[in-house]
Asks: 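So that we are looking at the same thing, I have put the structure below in structure tokens.
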Amino acid sequence: MMQEFVQQMEDTVRESMYGIHTALPGTISAFDPSTGMATVKPEGSVAMKNGKRLKYPSIVKVPVVFPQAGGQDIVIAYPVKPGDGCVLIICENDLKPWMSHGKETESDMKFDLTNAVCIPGLFSEGTEAVQKAVDENAVIVRNRTMELMLKEDEFRVEHEQNAVQMDAEGIGLKCGEKSLTVRQSRIEIKGDLWVSGSIMEGG
């Protein structure tokens, strides 16, 4: 008798869990930067009560999370494209009141897929930029062939054969085979110097 009661309790709890979602990997299929909303397809499938598994449906009007503060005056923004991976966080309560600035709703759905927010940047493989960030103990910002590296004692921007660098030794500018280096003791120029205007000596 006790075993049957325990089994019934387990079945009841398991059945109630079918409608609860917490976090899922997903793929962004569309993004509207004017609203900050995306359409996202969750990856994987959900188990039904009858034992069958169904693919998750796409979720529309999913808020996308960007690092921002100061009333959105301070923002780190980057392009979000279809095919980008993301993490879907399923909120406990209905998001409609928050999205409509406090307007009440009669919905009492909890942990429902319609209450998802999207954090872009989840992929199943690492990247060269991440490996470099770990190796150099640095922050790496890369946009295809343009790269910014910020270390504790060095700042460097590179694009093909050109670079700008700042460290304890000074500030350097490199353009192909030509370079300009400013140090506390002197200024070093490699290449021809052309001046348009006056050169004046000061104290």
Side-chain angles (χ1 to χ4, degrees), residues 15-49 52-134 136 138-151 155-160 164:
E15 183 175 342
S16 66
M17 293 290 288
Y18 284 124
I20 296 177
H21 307 281
T22 53
L24 294 165
T27 301
I28 295 170
S29 55
F31 175 64
D32 183 354
S34 66
T35 62
M37 302 288 178
T39 299
V40 183
K41 181 72 168 64
E43 299 294 336
S45 59
V46 59
M48 307 302 293
K49 298 176 184 179
K52 294 183 179 180
R53 301 193 70 87
L54 294 177
K55 291 288 187 181
Y56 287 106
S58 291
I59 312 172
V60 299
K61 295 184 178 179
V62 181
V64 177
V65 178
F66 289 96
Q68 49 188 329
Q72 292 186 296
D73 289 334
I74 303 170
V75 182
I76 298 176
Y78 39 83
V80 174
K81 303 289 186 180
D84 284 349
C86 68
V87 178
L88 285 168
I89 304 298
I90 315 302
C91 297
E92 177 180 353
N93 294 323
D94 185 11
L95 286 180
K96 291 184 179 62
W98 171 75
M99 294 171 64
S100 59
H101 304 287
K103 185 178 180 180
E104 292 297 327
T105 176
E106 297 180 357
S107 173
D108 59 356
M109 293 185 299
K110 289 183 175 291
F111 298 106
D112 189 78
L113 288 177
T114 58
N115 300 328
V117 297
C118 167
I119 303 176
L122 178 66
F123 291 88
S124 59
E125 298 178 351
T127 67
E128 181 186 345
V130 173
Q131 183 64 58
K132 186 173 183 179
V134 173
E136 298 285 347
V139 176
I140 301 292
V141 178
R142 179 177 292 179
N143 190 344
R144 299 184 185 275
T145 58
M146 179 75 77
E147 179 181 283
L148 181 152
M149 180 174 68
L150 179 62
K151 301 176 66 174
F155 170 83
R156 184 175 181 87
V157 180
E158 293 182 334
H159 180 256
E160 298 181 348
V164 178

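For the single chain, residues carry numbers from 1 onward in sequence order.
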Asks: Of all heavy-atom pairs between Tyr78 and Val65, which one has the smallest distance, and what is that distance?
Replies: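 Looking at all heavy atoms of both residues, the shortest contact is OH-O, 4.0 Å.
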Asks: Taking C-beta and beyond as the side chain, do Glu158 and Met149 meet within less than 4.5 Å on heavy atoms?
Replies: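 No; the side chains remain at least 4.5 Å from each other.
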Asks: Please check this pair: side chain of Lys81 against backbone of Ile28, looking for a donor-acceptor N/O pair closer than 3.5 Å.
Replies: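 It does not hold such a pair.
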Asks: Out of Ile59, Val62, Leu88, which residue meets the side-chain contact (heavy atoms from CB on, under 4.5 Å) rule with Leu113?
Replies: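 Passing option: Ile59.
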Asks: Determine the minimum heavy-atom distance between Pro42 and Tyr56, stating which atoms define it.
Replies: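 Looking at all heavy atoms of both residues, the shortest contact is CB-CB, 3.6 Å.
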Asks: Could you tell me whether the side chains of Glu160 and Thr145 share a donor-acceptor contact shorter than 3.5 Å?
Replies: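 The answer is no; no qualifying pair exists.
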Asks: Within this structure, what is the CD1-CD distance for the pair Ile140 and Gln131, rounded to the nearest 0.5 Å?
Replies: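 Answer rounded to 0.5 Å: 11.0 Å.
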Asks: Over all heavy atoms of both residues, which pair between Lys55 and Gly44 is shortest? Give the atoms and the distance, please.
Replies: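 The pair with the smallest heavy-atom distance is CD-O, 3.6 Å.
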Asks: Have a look at Pro120 and tell me which of Val64, Val40, Asp84 forms a side-chain contact (heavy atoms from CB on, under 4.5 Å) with it.
Replies: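 Among Val64, Val40, Asp84, the one that satisfies the side-chain contact (heavy atoms from CB on, under 4.5 Å) with Pro120 is Val64.
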Asks: How about Asn93 and Trp98: do any of their side-chain heavy atoms sit closer than 4.5 Å?
Replies: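 With C-beta onward as the side chain, the pair stays apart.
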Asks: Check whether any side-chain heavy atom of Arg156 sits under 4.5 Å from a side-chain heavy atom of Glu136, and report yes or no.
Replies: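 Side-chain contact under 4.5 Å: no.
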Asks: How long is the gap from NZ on Lys132 to CZ on Arg142, to the nearest 0.5 Å?
Replies: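 Here the interatomic distance stands at 6.0 Å.
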Asks: Is it true that, when you exclude Ile76 itself, more than 12 heavy atoms of the residues, nucleotides or ligands shown sit nearer than 6.0 Å to its CD1?
Replies: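 No, not enclosed.
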Asks: Does Thr39 offer a backbone N or O that forms a donor-acceptor pair with the side chain of Ser29 under 3.5 Å?
Replies: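 Indeed, once roles are kept as given, a pair shorter than 3.5 Å links the two residues.
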Asks: Would you compute the distance between atom CG of Asp94 and atom CG of Asn115 and round it to the nearest 0.5 angstrom?
Replies: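 One finds 5.0 Å between CG of Asp94 and CG of Asn115.
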Asks: Work out which heavy atom in Leu150 is nearest to a heavy atom in Phe155; give both atom names and the distance.
Replies: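 Heavy atoms only, the tightest pair is CD1-CD1, 4.0 Å.
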Asks: In this structure, which one of Val117, Leu122, Leu24 forms a side-chain contact (heavy atoms from CB on, under 4.5 Å) with Val87?
Replies: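 Exactly one pass, corresponding to Leu122.
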Asks: What are the two closest non-hydrogen atoms of Ser58 and Lys41, and how far apart are they?
Replies: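 It is OG-CD, 3.3 Å.
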Asks: If you take all heavy atoms of Met37 and Phe31, which pair is closest and at what distance?
Replies: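 For Met37 versus Phe31, the nearest heavy atoms are O-CD1, 3.4 Å.
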Asks: Would you compute the distance between atom CG of Leu54 and atom OG of Ser45 and round it to the nearest 0.5 angstrom?
Replies: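 Going from CG on Leu54 over to OG on Ser45, the span is 8.0 Å.
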